[in-house]
Every structure is written in structure tokens, then in C-alpha cells.
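What follows is a single structure, written as C-alpha cells, with notes after it.
Indexing begins at 1, ligand by ligand and atom by atom, following the structure's order. For the single chain, residues carry numbers from 1 onward in sequence order. Quick note: numbers below take in every heavy atom, side chains included, and nothing from hydrogens, waters or symmetry partners.
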Amino acid sequence: MARKKIALIGGGQIGGVLAQLAASKQLGDIVMFDIVEDLPQGKTLDIAEASRISGFDAKVTGTNDYKDITGADIVIITAGLPRKPGMSRDDLLTTNAKIMKSVTEGVRDNAPNAIVIIISNPLDAMVTLFQKISGFPANRVMGQAGMLDSSRFSSFIAWELDVSVKDVNAMVLGGHGDTMVPLVRYANVNGVPVLEMLERKYNDKAKAKEVMDAMVERTKKAGGEVVKLLKTGSAFFSPAASTIAMAQSIIYDEKRIIPTCCYLNGEFGVNGYYLGVPAVLGENGVERVIELSLDENEKAAFDVSISAVKNLIENMGKLGF
Ligand code: TXD
């Protein structure tokens, strides 16, 4: 079987880790595109020269020419500026929409059959823009945010309860912004509700709720916490690892249920918008959305998130995109 071809658009911080992870997991041959001359060539040469040690045969190459992504099965887009301390993701809209427009044209014209995963911020707007300009079917265009937000939430739960993070299942829905919705009620450790474990740990319902609320807040602000510490950019290892899990589910048709920014056609009562919801990812991209019931509070939080995303898309429209 021929190896899959994976094109990475953007060879910055996240692009570099994506290339390294995709190569070491042998997900396919990798071509990294960036507009900065020599950068993708240098980064991929460095990664490729570790192939003997890491033990991969996958080809890893860099380019400044979109023609080299021809025939890509999967395209992962990180092109765009990251946040600086004090900035919100939405502050990146003007600059990154311009970049996304040119990237979309390059991908549309050279890899028209690819499944596309977008990482660039503001995520929900960038995914919407890519789909609109490319005209690709919505099942082939998705964004990564929920996998990362859920992974952050799961890490905090594991650290708090002193259990293996591998046994933690916790999901975050909604937009990739301050209004994201960590689902407390569904969070569990091998089926045992996290809230129940907290109540047993503290033997105090109010304290358990307080600890849970703090983990929810930290999850919502986790991206900013890293930005504040790094000072010169945003998180890059965990976003790359999250996206590789999505790409792997698609390439190997694993059909994992992954919180994904996908196009909603009435699911969750939303029509015609991209939003983070659980979805089955397989060889056809987003194969289906998994609906789940939300209680009054969760629904209210989800509605706030929907409004924030609608607002963002409206602002993008006003900018002419
Ligand atoms: O979970 C998530 N979705 C995210 C998203 C988590 C963290 C960061 N997230 C966003 O990803 C972040 O806010 C940025 O918008 C993107 C990329 O973050 P990264 O940290 O990789 O940024 P870098 O290191 O600045 O890399 C961006 C690269 C850089 O090499 C530029 O030269 C390139 O993008 N770039 C372009 N490539 C192709 N085409 C064009 N037009 C272009 N413009 C810039």
C-alpha cells in the first residue's frame, strides 16, 4: 500500500511538531509548505536526518511551492500568527483571514481531494472561511480545538484525583474561545463520575463543586496560561499532538469519537455554522456528529458559545471575507 501524503501548511512551531510526530508514527510522507524561504526545507531536513534514530522511512520534505502538495490526502493548516500575551484569539482575525484566503486557494488548486484539518486561530472563523472559499464538502473540512481543550481538562482531572490520565474521559464542546463548554456532568474516570470522586475525596459537596469549577475555569483559560508563560507565542506541542490523533483516526479509519470543529446541519439545534461537537472521524473525514443531551445549564453555556461564534463570523463578513 502506498504511503499517504500529508501536507503541512505552515512550518512554524506547531508545523514542526506535526512533522516530527507524523514521521515518527509513520502516518505518511510529509511535505511542509511555508512562505518563508528555506524555513520548511531546513526544518524538515533536520527531522529527516533523525530518521535512522527515530526509525521511520517516511519522506519528510519542505517547499515554498504549492505544486509540491499535489495529491495530498490530508492537509493540516497552521499558517497564521499566534497570540501574544494579552491578546484574545479573536484579535488575530484580520491578519489570519488574509493568510487563510491565500492558503485556501493554494490547497484548493493543488490538493482538491484532500481532507483538511485547520488549526489556525481564530479557529471557528478560519475553518468557516476555508470551507467557503474552497467549496470542499463540509465532511472534508474540520478544525482542531476540542481534542486539545478536552486533553487539557482531562489532565487537570487526572492531576487532581491522582489517577492515570488514560482512564479519564472528559469532553469540551463549543467554540475555541473563552466561551468553550467543558462538560462536567459527562466527565468520568473509567465510568465513575468525576464529581462523585471529588465528593468522596473531600467528603464535602460544596468543596467538590468548587474544585470542579476551578478546573473548568483553568481549562477555558489554559491557552492563555501557556501564552503568558511563553511570552513569544502560544502552545505548540499539545495542539500538534491533538491534531495528529485526529489525522490518525482518519488515515487508519479508526472512527474515534473526537470533539471536532465541524459543520452543523441541524445537530445540536445549530444550522449552517462550524462548532465544536463530538464527531466520528474516519476515512471520509467527519463521518457523523454524535448528539448528546444537555441539561439547562449546559444548554445555556452552549448557546453563549454559539452566539460568540456567530458574532465572530459576522465580524469576518464585515471585513470582507
Ligand atoms: O488548538 C488550536 N487550534 C490552537 C491554534 C492552539 C494553539 C495555537 N493555535 C494557532 O495556530 C495560533 O494562534 C496560530 O494562528 C496557529 C499557528 O501557531 P504556531 O505557534 O505554529 O505559529 P508560528 O510558529 O508563528 O507559525 C506560523 C507559520 C509561520 O512559519 C509563518 O511563516 C507561516 O505560518 N505563514 C504562512 N504559511 C503559509 N502561507 C502563508 N500565507 C503564511 N503566512 C504565515
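For atom 13 (O) of ligand 1, the closest non-hydrogen atom on the protein side is N121 ND2, 3.2 Å. Atom 37 (N) of ligand 1 has A79 CB, 3.4 Å as its closest protein atom, hydrogens excluded (heavy atom only). The single protein non-hydrogen atom nearest to atom 21 (O) of ligand 1 is I14 N, 2.9 Å, given as residue, atom name and distance. Remark: minimum distance from atom 33 (C) of ligand 1 to any protein heavy atom is reached at D34 OD2, 3.3 Å. Protein heavy atom closest to atom 40 (C) of ligand 1, with residue, atom name and distance, is I99 CG2, 3.7 Å. Annotation: atom 27 (C) of ligand 1 to nearest protein heavy atom, G80 O, 3.2 Å. For atom 5 (C) of ligand 1, the closest non-hydrogen atom of the protein is I119 O, 3.0 Å. Of the protein's non-hydrogen atoms, the one nearest atom 22 (O) of ligand 1 is P82 CG, 3.6 Å.
More than 12 non-hydrogen atoms from other residues, nucleotides or ligands lie less than 6.0 angstrom from NZ of K201. The 12-atom threshold is exceeded at CG of D295, counting heavy atoms of other residues, nucleotides or ligands nearer than 6.0 Å. Within a 6.0 Å radius of OH in Y202, more than 12 heavy atoms belonging to other residues, nucleotides or ligands are found. More than 12 heavy atoms of other residues, nucleotides or ligands sit less than 6.0 Å from atom NZ of K5. Other residues, nucleotides and ligands place more than 12 heavy atoms under 6.0 Å from the CG atom of D167.
Close approach to P239 involves these atoms of ligand 1, each under 4.0 Å from a residue heavy atom: 6 (C), 7 (C). Close approach of ligand 1 to L81 is summarised as follows: ligand atoms under 4.0 Å from at least one heavy atom of the residue are 12 (C), 13 (O), 14 (C), 15 (O). Close approach to S102 involves these atoms of ligand 1, each under 4.0 Å from a residue heavy atom: 41 (N). Close approach of ligand 1 to L92 (heavy-atom distance below 4.0 Å) involves ligand atoms 13 (O). Within ligand 1, the atoms closer than 4.0 Å to a non-hydrogen atom of A235 are 7 (C), 8 (C), numbered from 1 in the order shown. Counting the atoms of ligand 1 from 1 in the order shown, those under 4.0 Å from a heavy atom of V103 are 39 (N). Atom numbering of ligand 1 starts at 1 in the shown order; those under 4.0 Å from a heavy atom of V36 are 32 (O). Counting atoms of ligand 1 from 1 in the listed order, those under 4.0 Å from a heavy atom of L148 are 1 (O).
Ligand 1 lies less than 4.0 angstrom from a heavy atom belonging to G11. The shell of residues lying under 4.0 angstrom from ligand 1, judged by heavy atoms, includes L39.
For atom 2 (C) of ligand 1, the choice among K101, Q144, M147, M32 with the nearest heavy atom turns out to be Q144. The residue from N96, D124, T78 that puts a heavy atom closest to atom 17 (C) of ligand 1 is T78. Residue nearest to atom 39 (N) of ligand 1, selected from I35, L8, L18: I35 (by heavy-atom distance).
Between F268 and F302, the ring-plane angle classifies as tilted under the 30° and 60° cut-offs.
Annotation: side chain of K43 is not in contact with side chain of D34 (no heavy-atom distance under 4.5 Å). In this structure, the side chains of N265 and E267 come closer than 4.5 Å at one or more pairs of heavy atoms.
Although no hydrogens or angles enter the test, the distance criterion places no donor-acceptor pair under 3.5 Å between the side chain of N139 and the main chain of G285.
At least one N or O atom of Q13 sits closer than 3.5 Å to an N or O atom of ligand 1. Considering backbone and side-chain N/O of A145, none are found under 3.5 Å from N/O of ligand 1.
None of L18, I250, I244, D73 except one satisfies the side chain to side chain contact (heavy atoms under 4.5 Å, CB included) rule with L27; the exception is I244. If you run side chain to side chain contact (heavy atoms under 4.5 Å, CB included) between I157 and each of N169, V194, V163, V211, only V194 comes through.
Contact annotation: for H176 versus ligand 1, heavy atoms closer than 4.0 Å belong to the side chain alone.
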Report the C-alpha distance between R3 and D57 in whole Å, list the side-chain angles of each, state the deciding distance to 0.1 Å, and finish with yes or no for side-chain contact (heavy atoms from CB on, under 4.5 Å).
-> CA-CA 10 Å; R3 271 198 289 269; D57 292 308; 3.9 Å; yes
Test log, rule side-chain contact (heavy atoms from CB on, under 4.5 Å), inputs L92 and R83 | CA-CA 7 Å; L92 299 167; R83 287 196 274 174; 3.9 Å; yes
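Remark: the N64 side chain and the Q41 side chain contain an N/O donor-acceptor pair separated by less than 3.5 Å.
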